[in-house]
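Structure record follows, encoded as structure tokens.
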Amino acid sequence: MNNKLLHFKCKITIFIFDSGVGGISVYSQIKKIFPEIHFIYLLDNKFFPYGIKSKNYIYKRCVKILKKISYHYYISLAIIACNTASVSSIPIIQNYFSFPIIGVTPVIKDSINITNNGVIGIIATKTTLENYYVKNKIEDFRQNCIIEVLSSQELVFLSEKKIQGLNISLKKIKKIFQPWYNLKIFPDTIILGCTHFPLILDELKKILPKNIKFLDSSIYILSKIKKIITKNKFLFNTQKNIILYTKYTVKIKKIKKYLISQGFNFFKKIKIN
Ligand code: DGL
């Protein structure tokens with residue numbers, strides 16, 4: 001290996017992916033702390049949404065994505081910026097790749113210490129909430145407090161809509177949370193178990209009772225990322241940030257402005273069958 005290549009390989013490139021724009025909520029948390037990282041973000045919009053697909057299907061899709069991207073680009077670290085894809089593929093997927101892979105999963109453990117009224121709400125996709133790892137964790141922590149689960153794909157669609165610059169109905173969002181309004185005690189701590197949901201945090205704050213604490217899983221992976229960067233002595237890298245998408249649609253055109261505002265300046269379609 002010549003020196004030039006060796007030098008290039010020490011520069012950090014983080015690959016992030018999600019079915020849609022949800023992973024941008026993860027990306028922006030990382031970028032806040034590590035602005036000088038080269039990011040490649042894949043929107044697997046051809047297979048959007050993930051939230052209603054089976055665990056096995058999503059697992060296979062994740063393997064395909066990581067194989068294809070690591071063939072074309074050097075990856076220092078991959079982040080599965082999707083709860084649905086993370087719970088469906090981590091930790092098994094790590095065995096197939098030489099670079100580290102981090103996923104985001106609902107932060108149930110931390111919510112226990114945060115709740116005051118003992119009622120925790122978790123909102124995520126159907127596939128995330130049906131995952132045995134998530135279900136087991138919920139059952140474990142139910143010994144300490146009440147955990148109310150809510151699955152919603154519509155909230156994912158509304159988040160995508162917002163990023164396209166379209167109006168989203170607060171009434172519709174409130175209706176999604178109706179089951180929790182029928183409870184004796186409304187959760188005072190809400191785990192956002194889908195990376196799309198922090199994108200509509202302002203709207204959630206408007207319609208839900210005041211003083212709710214929202215837990216965003218992406219914050220909990222920042223220390224892991226820092227550890228990997230320090231351990232591998234990666235050099236920071238100010239190459240242009242790239243957006244890859246698996247299907248060209250009008251939606252891509254609509255979200256381009258937003259993605260540029262988030263620091264992406266190169267857009268390209270990639271074929272992943
Ligand atoms: N953003 C994904 C998650 O965190 C779900 C989006 C989808 O359903 O495609 O679960």
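We count ligands from 1, going down the list as the structure has it; atoms in each ligand are counted the same way.
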Full working for side chain to side chain donor-acceptor pair (under 3.5 Å) between Asp44 and Ser19: CA-CA 4 Å; Asp44 189 18; Ser19 58; over 6 Å; no
Ring geometry between His196 and Phe48 (parallel below 30°, tilted from 30 to 60°, perpendicular above 60°): tilted
For ligand 1, the portion of Pro49 having any non-hydrogen atom under 4.0 Å away: both
Tyr50: numbered ligand 1 atoms lying under 4.0 Å from its heavy atoms: 7 (C), 8 (O), 9 (O)
From SG (Cys145) to CD1 (Ile120), nearest 0.5 Å: 3.5 Å
Distance filter under 4.0 Å to Phe48 heavy atoms, resulting ligand 1 atoms: 9 (O)
Mode of Thr195 contact toward ligand 1 - side chain, backbone, both, neither (heavy atoms, under 4.0 Å): both
Subset of ligand 1 atoms that lie under 4.0 Å from at least one heavy atom of Ser19: 6 (C), 7 (C), 9 (O)
Distance-only N or O hit between ligand 1 and Gly51, under 3.5 Å: yes
Numbered atoms of ligand 1 (with element) below 4.0 Å of Asp18, judged on heavy atoms: 1 (N), 2 (C)
Path from Val149 to Ile146 over hydrophobic side-chain contacts below 4.5 Å: no
Ionic contact status for Lys135 with Glu130, cut-off 4.0 Å: no
Steps toward ring pair (Phe, Tyr, Trp, His ring centres under 6.0 Å) verdict (Tyr41, Phe17): CA-CA 6 Å; Tyr41 185 97; Phe17 76 94; 8.9 Å; no
Evaluation steps, side chain to side chain donor-acceptor pair (under 3.5 Å), between Tyr248 and Asn45: CA-CA 9 Å; Tyr248 186 77; Asn45 57 327; over 6 Å; no
Ligand-side contact atoms (ligand 1) for residue partner Gln153, heavy atom cut-off under 4.0 Å: 7 (C), 8 (O)
Tyr27 and its ring-ring contact (aromatic ring centres under 6.0 Å, His included) partner, picked from Phe264, Phe34, Phe15: Phe264
Backbone or side-chain N or O of Thr125 under 3.5 Å from ligand 1 N or O: no
Nearest protein heavy atom with distance in Å, relative to atom 2 (C) of ligand 1: Cys82 SG, 3.2 Å
Enumerated ligand 1 atoms positioned under 4.0 Å from heavy atoms of Thr84: 3 (C), 5 (C), 10 (O)
